[in-house]
Amino acid sequence: MIEAVPERQVGVLERRGRFRVVEPLFERGRRLTVDARAAARADIGDIVLVEPGKRGHLQVTRALGRPEVARDVVEALLVDRGFERLFDEAVEAQASSAAAADPGTEARRDLTALATFTIDPASARDFDDAISIERDGDGLRLWVHIADVAAHVAPGTALDAEAQRRGNSVYVPGAVEPMLPTALSSDACSLVPGLPRATVTVETVLGADVQPRATSFYRSLIISDVRLTYEQVDGVLAGRNEPPGAVAQQLALARDLAAALRKRRFERGALALETGEPEFEFDEHGHVRSCRDVVQTESHGLVEEFMILANELVASQLERRKDPTIYRVHERPDPVAIELLVKRLASLDVPTPPIPEHITPGQATELAAQISSMVADYLAGGGRGSATITSLVLRSLKRAVYSTANVGHSGLASPCYCHFTSPIRRYPDLVVHRSLLAAFEGAPRQAPVAELERIALHCSRTEREASDVEYKADDICQAFLLERALYDGGWEQEFEGEVSGVTNGAAFVRFGGLPGSGVCEGFLPARLLRGDWFDLNEEQTALIGVESGKRLRIGDPVAVRVRSVDPPRGRVDLEPAGEIWS
């Protein structure tokens with residue numbers, strides 16, 4: 001019997017008698033049946049994409065790899081979530097043509113003699129931004145150069161429509177789903193060293209108080225002298241490495257300016273918390289070899305401060321001119337959410353500021369900044385639950401989104417903010433470039449506000465979807481790495497971890513001990529906590545024993561063993577390793 005299905009599905013091809021069946025790979029669901037001829041494109045045991053064929057019959061349209069190979073599973077996840085993984089021929093042709101065309105270099109301000117550098121992750125291939133900096137009297141002159149994607153991607157083209165549809169690039173371990181084809185994203189628009197590149201430059205003179213005195217915006221031509229990585233720059237700033245001669249002085253100036261900008265930002269009430277993200281290493285066969293948690297270092301902060309400044313300067317200029325554009329907005333926190341956050345942190349013995357009986361929206365914003373600062377100090381002083389407590393604070397705040405209405409950015413304490421600095425990988429940045437160029441060069445006017453609002457809503461959605469698949473891909477790779485550690489070291493291994501979350505009937509535990517200092521999170525059912533029944537407390541920060549009163553709180557240390565691991569689903573089930581109560 002050949003089964004019809006309305007939508008496509010990713011699963012593993014298996015044999016059942018004379019039939020071939022496809023078992024869902026990522027979510028539990030129904031088994032799909034295909035005949036042998038429909039499955040001819042794949043071998044038994046392959047991950048496959050199943051889609052309706054003629055008359056609604058199921059067909060295996062693509063083989064995606066093997067379920068025991070982490071990189072193949074991540075690739076299959078992207079396909080499962082609807083990412084195309086390829087551009088159609090018309091879009092690729094337009095990208096190649098745009099990459100080969102002259103982006104108007106003669107009409108640009110020639111900055112090729114200016115000492116210029118980029119700082120990016122070691123694995124990066126698309127370089128959006130470059131920096132130049134010099135002394136200017138008692139202050140500094142800073143140039144932030146951003147790839148001029150608008151010179152290559154014209155509105156109304158198939159290339160532009162596809163970039164808008166994607167909304168953003170998606171970065172998962174070992175792969176990327178780019179917003180633009182490689183001919184642009186990794187070549188013509190990428191600010192690679194030693195080659196002239198078309199850019200849009202924000203040039204600003206800052207006084208000794210790091211307040212902008214004068215700012216200009218223009219199309220430019222640059223040559224990056226040095227391509228630096230975060231690790232290289234950290235080594236230079238720590239005195240372990242010699243700086244490249246071409247930009248040695250510029251790095252020293254950049255360091256001092258970034259520190260002053262950061263200090264000013266925190267003084268005005270910006271959130272002070274930082275988060276890390278995992279970085280995976282794969283072997284030549286696509287298996288996860290190791291993982292490390294990449295935390296924000298001084299070099300990350302250096303780039304971040306200059307990008308924030310450029311984004312603010314562009315947004316403020318467009319707002320003053322009343323030019324339609326897309327802003328990056330972060331609404332004030334909900335007073336009720338801040339009150340609950342304070343109760344939750346207090347239940348975990350984390351210091352919090354006093355709160356008034358009735359919190360206004362303005363007070364909620366100030367309290368969020370104070371809380372973030374106090375939590376940062378607590379964690380810097382050795383407080384437990386670094387990643388977990390930080391996540392607890394961030395989840396209490398509203399999510400930043402795109403909008404045509406400027407309501408400010410609460411998290412940055414910025415009255416006017418946009419995304420301008422990454423047009424290779426974010427469509428709203430390309431929109432902002434077009435708004436700026438329309439304002440200063442008489443370029444074609446931006447789309448009507450109603451159309452911009454539609455784009456803003458769409459890109460907010462694609463950003464959420466990208467974030468979800470990126471987190472899921474991380475979970476999958478961490479589970480594969482854990483499985484490897486268990487096979488190498490035995491399933492009786494004990495892992496030291498901490499409670500990262502609690503729900504009715506269960507705790508989540510974040511634990512280390514994976515190759516390369518990697519971490520993983522697993523599910524610990526409360527029924528395995530012997531000796532009592534456990535309920536969730538009012539603040540939802542602890543499981544409390546009904547009879548004993550024993551507590552298992554967020555951030556508490558706990559030793560666990562792994563009961564089972566399902567890498568394609570990123571699921572890890574745990575059990576206590578002995579007595580968990582102190």
Side-chain angles (χ1 to χ4, degrees), residues 91 94-95 97-99 101-105 107-109 126 128-129 144-169 178-181 184-185 188-191 197-203 215-221 307 310-329 402-406 416-460 462-463:
V91 172
Q94 281 191 5
S97 178
D102 181 1
T105 54
R108 296 176 181 274
R109 190 173 301 185
D126 51 347
D128 290 289
D129 55 86
V144 177
H145 316 286
I146 307 299
D148 191 356
V149 176
H152 298 276
V153 181
T157 60
L159 177 60
D160 180 62
E162 180 63 12
Q164 183 184 135
R165 187 190 69 79
R166 294 183 179 223
N168 45 255
S169 296
M179 185 183 81
L180 296 170
L184 293 174
S185 62
C189 292
S190 187
L191 308 184
R197 284 292 185 259
T199 52
V200 178
T201 292
V202 178
E203 179 182 347
T215 302
S216 56
F217 313 89
Y218 50 86
R219 275 180 153 148
S220 54
L221 189 70
M307 297 306 112
N311 287 335
E312 288 178 327
L313 292 171
V314 171
S316 297
Q317 186 69 11
L318 291 172
E319 186 188 47
R320 281 195 296 270
R321 292 177 53 89
K322 306 300 181 186
D323 289 317
T325 196
I326 293 177
Y327 295 94
R328 180 67 169 180
V329 301
Y402 296 108
S403 174
T404 56
N406 174 40
C416 193
Y417 194 71
C418 70
H419 274 170
F420 165 79
T421 54
S422 293
I424 291 177
R425 61 185 180 89
R426 292 188 306 226
Y427 193 79
D429 300 54
L430 178 55
V431 170
V432 171
H433 274 240
R434 289 170 176 165
S435 298
L436 188 67
L437 295 168
F440 289 96
E441 292 194 347
R445 297 296 298 176
Q446 188 56 265
V449 172
E451 174 65 8
L452 293 181
E453 185 59 32
R454 184 197 65 77
I455 294 172
L457 290 170
H458 170 73
C459 290
S460 295
T462 61
E463 180 187 47

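Residues: numbered from 1 along the sequence shown.
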Could you tell me which non-hydrogen atom of [X] sits nearest to which non-hydrogen atom of [Y], and how far apart they are?
| X | Y | answer |
| --- | --- | --- |
| Thr325 | Ser435 | OG1-OG, 3.1 Å |
| Ala150 | Leu437 | CB-CD1, 4.0 Å |
| Tyr327 | Ala405 | CD1-C, 4.2 Å |
| Glu203 | Arg109 | OE1-NH1, 3.8 Å |
| Val449 | Pro324 | CG2-CB, 4.0 Å |
| Leu318 | Ala439 | CD2-CB, 4.5 Å |

Problem - Test side-chain contact (heavy atoms from CB on, under 4.5 Å) applied to Glu451 and Val431, step by step - result: CA-CA 11 Å; Glu451 174 65 8; Val431 170; over 6 Å; no
State the [atom1]-[atom2] distance between [X] and [Y], to the nearest 0.5 angstrom.
| X | Y | atom1 | atom2 | answer |
| --- | --- | --- | --- | --- |
| Leu184 | His152 | CG | NE2 | 6.5 Å |
| Leu180 | Tyr427 | CG | OH | 10.0 Å |
| Leu452 | Cys459 | CG | SG | 10.5 Å |
| Arg219 | Thr201 | CZ | OG1 | 11.5 Å |
| Thr462 | Gln164 | OG1 | CD | 10.0 Å |
| Asn168 | Ser422 | CG | OG | 11.0 Å |

Exercise for the section: Over 60° means perpendicular and under 30° means parallel, so classify the ring planes of Tyr402 and His419, tilted if in between. Expected result: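 Answer is perpendicular, since the angle exceeds 60°.
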Practice task
Taking the side chain as every heavy atom from C-beta outward, state whether Asp128 and Thr421 have any atom pair closer than 4.5 Å.
Solution key: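 No, their side chains stay 4.5 Å or more apart.
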Problem - Side-chain heavy-atom pair Pro103, Thr105 within 4.5 angstrom cut-off - result: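 Yes, close enough: below the 4.5 Å cut-off.
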Handout entry: Residue among His433, Arg197, Arg108 satisfying side chain to side chain donor-acceptor pair (under 3.5 Å) with Asp148
Key =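 Of all the options given, the one that passes is Arg108.
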Problem - Thr199, Val432, Val202, Asp129 screened by side-chain contact (heavy atoms from CB on, under 4.5 Å) with Ile146, the one that passes - result: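 Output: one option passes, namely Asp129.
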Handout entry: Donor-acceptor side-chain pairing of Asp126 and Ser185 below 3.5 angstrom
Key =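 No.
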